[in-house]
There are 2 protein chains.
Amino acid sequence: MNMEKEVTIYDIAELLQLSAATVSRALNDHPAINIKTRQKVNAKALELGYRSNTFASNLRKKTTQTLGVIVPRLNSHFMSSVLAGMEVVANKAGYHMLISQSLESFQNEKSNVRTMFNNRVDGLLVSLAYDTETYDHFAGFVKKKVPLLFFDRVTDYLGCPGIVIDNIKAGQEATEHLIQQGCVRILHVTGNLLRNVYADRLAGYRQALRKAGIEVREELVVVNDLSAEAGVDLAQAIMHMEHRPDGVFVSSDVCAVNCMKTLQGAGYQLPEDIAFVGFNNDHVSEIIEPKLTTIDYPGKQMGELAVSTMINHLKGIQAIDSTSSITMHTRLIVRASSQRAKS
Amino acid sequence: MNMEKEVTIYDIAELLQLSAATVSRALNDHPAINIKTRQKVNAKALELGYRSNTFASNLRKKTTQTLGVIVPRLNSHFMSSVLAGMEVVANKAGYHMLISQSLESFQNEKSNVRTMFNNRVDGLLVSLAYDTETYDHFAGFVKKKVPLLFFDRVTDYLGCPGIVIDNIKAGQEATEHLIQQGCVRILHVTGNLLRNVYADRLAGYRQALRKAGIEVREELVVVNDLSAEAGVDLAQAIMHMEHRPDGVFVSSDVCAVNCMKTLQGAGYQLPEDIAFVGFNNDHVSEIIEPKLTTIDYPGKQMGELAVSTMINHLKGIQAIDSTSSITMHTRLIVRASSQRAKS
DNA sequence: TTTCAAAATGCAACCGATTGCAAAGAGAAA
DNA sequence: TTTCTCTTTGCAATCGGTTGCATTTTGAAA
């Protein structure tokens with residue numbers, strides 16, 4: 001008596017002296033069902049508080065109307081923009097989203113992928129964890145031909161399409177900007193080079209230096225986890241450098257900003273002593289003084305594009321394999337942190 | 001030939017000359033199954049690339065091992081901490097999380113709740129949208145006795161437990177701190193008063209004023225959406241006030257910080273002209289200069305507590321109804337934005 | 001060798017919606 | 001009234017695990 005019995009289509013069928021088949025069709029607005037019957041069924045369903053059993057339905061239909069999303073973390077301005085964009089497009093198309101975080105760990109990513117696989121998401125959208133080196137955990141999706149799409153942190157290891165920005169170009173622009181401001185000893189701080197985003201920005205950085213005839217020095221490339229704490233450590237490291245850089249290009253605003261604060265606390269003048277360029281156009285870039293020059297990253301649009309690409313594929317409008325990768329535009333936003341008095 | 005056939009327990013059973021029941025039990029490590037049989041089954045499953053069909057399983061078991069989470073937005077430091085905390089605890093207990101955002105809209109919240117209901121999550125964790133006024137959309141959960149738990153932005157309308165901080169106390173402490181710093185005309189900026197968090201902080205603010213014998217003036221309470229943009233507008237409003245406040249207590253760091261920036265841009269000295277206190281201990285509070293005094297908000301712990309409370313209930317360890325609400329500690333962090341030269 | 005409890009496995013019903021095909025009903029034309 | 005064509009509705013199998021209960025197997029004690 002405590003346990004409320006679930007209402008099923010059979011209950012409705014019985015009460016209305018119909019077959020379950022008819023009820024099922026009526027609830028799904030099947031055209032073969034008489035309009036009056038349909039109305040009667042819907043009314044009864046409402047009255048009884050009927051809820052469709054997604055499992056029974058999915059089991060039979062073999063489709064879930066669900067997209068899986070695996071991201072490293074939810075805590076950046078960029079990532080939450082991406083997800084907001086995704087949610088809007090997905091819902092509009094009648095899809096749900098199953099979001100999970102790898103928390104930057106390969107192990108979690110693996111287990112999340114497994115879950116998504118068992119839950120039979122209709123498609124999977126992934127931005128890779130920090131330390132993912134192998135891609136076997138995606139093999140199931142490839143084998144079963146469940147569409148798989150990477151965004152931001154991609155891999156072409158699996159031949160799956162990816163949605164990215166042109167990190168090489170962005171890195172190059174950021175570096176060139178510093179060079180134009182008169183910097184000659186530019187430190188580049190970035191994340192794990194396994195990830196395309198960081199490797200490419202580094203490539204862009206190098207390219208810009210070469211183009212300007214500046215020697216590329218390995219000791220001027222620092223890899224860390226781009227966290228706020230890493231920014232503080234970075235500042236310490238800079239202060240202890242024999243030859244201090246006159247410009248710093250950091251692959252993350254949050255890291256850059258914390259580094260700047262620490263340096264300022266130690267008496268450095270920014271951008272006079274050191275010019276800074278960040279990445280992402282995070283909120284903080286406009287809070288720090290001097291405001292941080294950065295690369296604007298179209299998070300919301302990336303999310304929208306990722307989901308609409310996926311859905312078009314699922315609907316058969318456009319095969320996903322036809323595109324190997326989509327590149328989005330970025331833009332350098334120049335602010336005070338990098339503008340030095342020209343001399 | 002293109003279509004890879006799904007492998008089922010029946011396939012495994014046939015190949016191994018066992019019954020499906022045995023295979024099922026073996027895959028679930030049922031103790032009644034001989035260890036050697038279990039190993040054989042697992043090996044075969046691996047070999048064939050078998051994946052459990054969650055739907056069939058859920059359909060039969062009537063449990064999903066999934067917790068639904070509905071949050072207004074993912075984009076605050078606080079919220080992502082909450083979710084990170086939740087994810088860890090949930091995964092450890094073998095639960096998945098279905099996360100969705102209401103994007104602060106009642107309509108979205110309603111539709112998300114419906115989805116969670118149809119997907120038969122084992123429990124639902126909610127932080128209410130900005131403008132939710134009615135709670136009928138949760139009626140299904142209450143009726144079917146699916147545990148429902150609110151966190152941060154709660155309601156006791158439904159008699160469901162909530163996990164909160166003591167917003168009254170926090171609001172009072174923040175205000176008292178400003179009073180101690182010599183402020184006598186304190187502006188309080190907060191969100192929709194439908195939400196407990198904002199209503200309570202306001203109550204705390206009033207209480208502190210009264211206690212200090214300062215008149216409570218309605219024109220010194222501003223309600224906005226606490227966004228970055230709202231912060232800029234707020235600054236404009238302050239500059240146009242006839243009697244400018246000498247202290248501002250904002251219910252969100254992000255909003256406070258943008259307000260501060262704008263005021264500074266207009267030549268105000270902070271904290272000398274106006275002292276600021278924010279809320280949440282967001283990253284930006286340490287980036288702004290002067291650093292923002294704020295209330296530390298235990299996001300991660302709140303997430304952990306919410307999920308562990310839920311799971312204990314689901315496991316029958318502790319009925320959720322026994323607790324009507326759990327209150328967590330907060331802490332005022334005093335930084336430069338509110339510290340005025342004592343005179 | 002017989003006996004019997006414990007361990008291991010199998011049988012078969014069940015969860016609830018979907019859908020191809022068959023059948024019944026309705027209405028119009030002959 | 002009969003015939004025939006659309007409309008509607010129903011039958012019954014199916015999706016793939018799970019589980020109470022029955023049955024078989026195992027191994028040790030009698």
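In the text below, chain A, chain B and the rest are named by the order of the sequence lines, each starting its count at 1.
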Between [atom2] on [N] and [atom1] on [X], what's the gap in Å once rounded to a whole number?
X      : N      : atom1 : atom2 : result
B:E6   : D:dG17 : CD    : P     : 9 Å
A:D11  : C:dG16 : CG    : P     : 9 Å
A:I33  : C:dT18 : CD1   : C1'   : 12 Å
B:N118 : C:dG16 : CG    : P     : 14 Å
B:Y10  : D:dA13 : OH    : P     : 16 Å
A:N34  : D:dG10 : CG    : C1'   : 15 Å

Less than 3.5 Å apart, any donor N or O on the side chain of [X] or [Y] sitting next to an acceptor on the other?
X      : Y      : result
A:N118 : B:S52  : no
A:T22  : A:S19  : yes
A:S102 : A:S105 : no

OG of A:S80 to CE of B:M79, rounded to nearest 0.5 Å, is 11.5 Å

Minimum heavy-atom separation for [X] and [Y], please, with both atom names.
X      : Y      : result
A:Y130 : A:R153 : N-NH1, 3.5 Å
B:N196 : B:V154 : OD1-N, 2.9 Å
B:L125 : B:M310 : CD2-CE, 3.9 Å

Tell me which residues in residues 16-30 of chain A lie within less than 4.0 Å of DNA chain D, going by non-hydrogen atoms. A:Q17, A:L18, A:S19, A:A21, A:T22, A:R25

Taking DNA chain D as the partner, which of residues 38-63 of chain A come within under 4.0 angstrom of it by heavy atom? A:L59, A:R60, A:K62

Are A:H137 and A:F106 packed together at the side-chain level, in the sense that at least one heavy-atom pair is separated by less than 4.5 angstrom? yes

Student check: side-chain heavy atoms of A:V113 and A:F141 closer than 4.5 Å: yes

B:T37 vs C:dA8: side-chain N/O to OP1/OP2 distance below 4.0 Å: no

Check whether B:F117 forms a cation-pi arrangement with A:R51 (NZ or CZ under 6.0 Å from the six-membered ring centre, at most 45° off the ring normal). yes

Carboxylate-amine/guanidinium contact B:R73 A:E87, below 4.0 Å: no

Give me the bend of the helix from C:dT1-D:dA30 to C:dA30-D:dT1, using the axes of the five pairs at each end, rounded to 10°. 60°

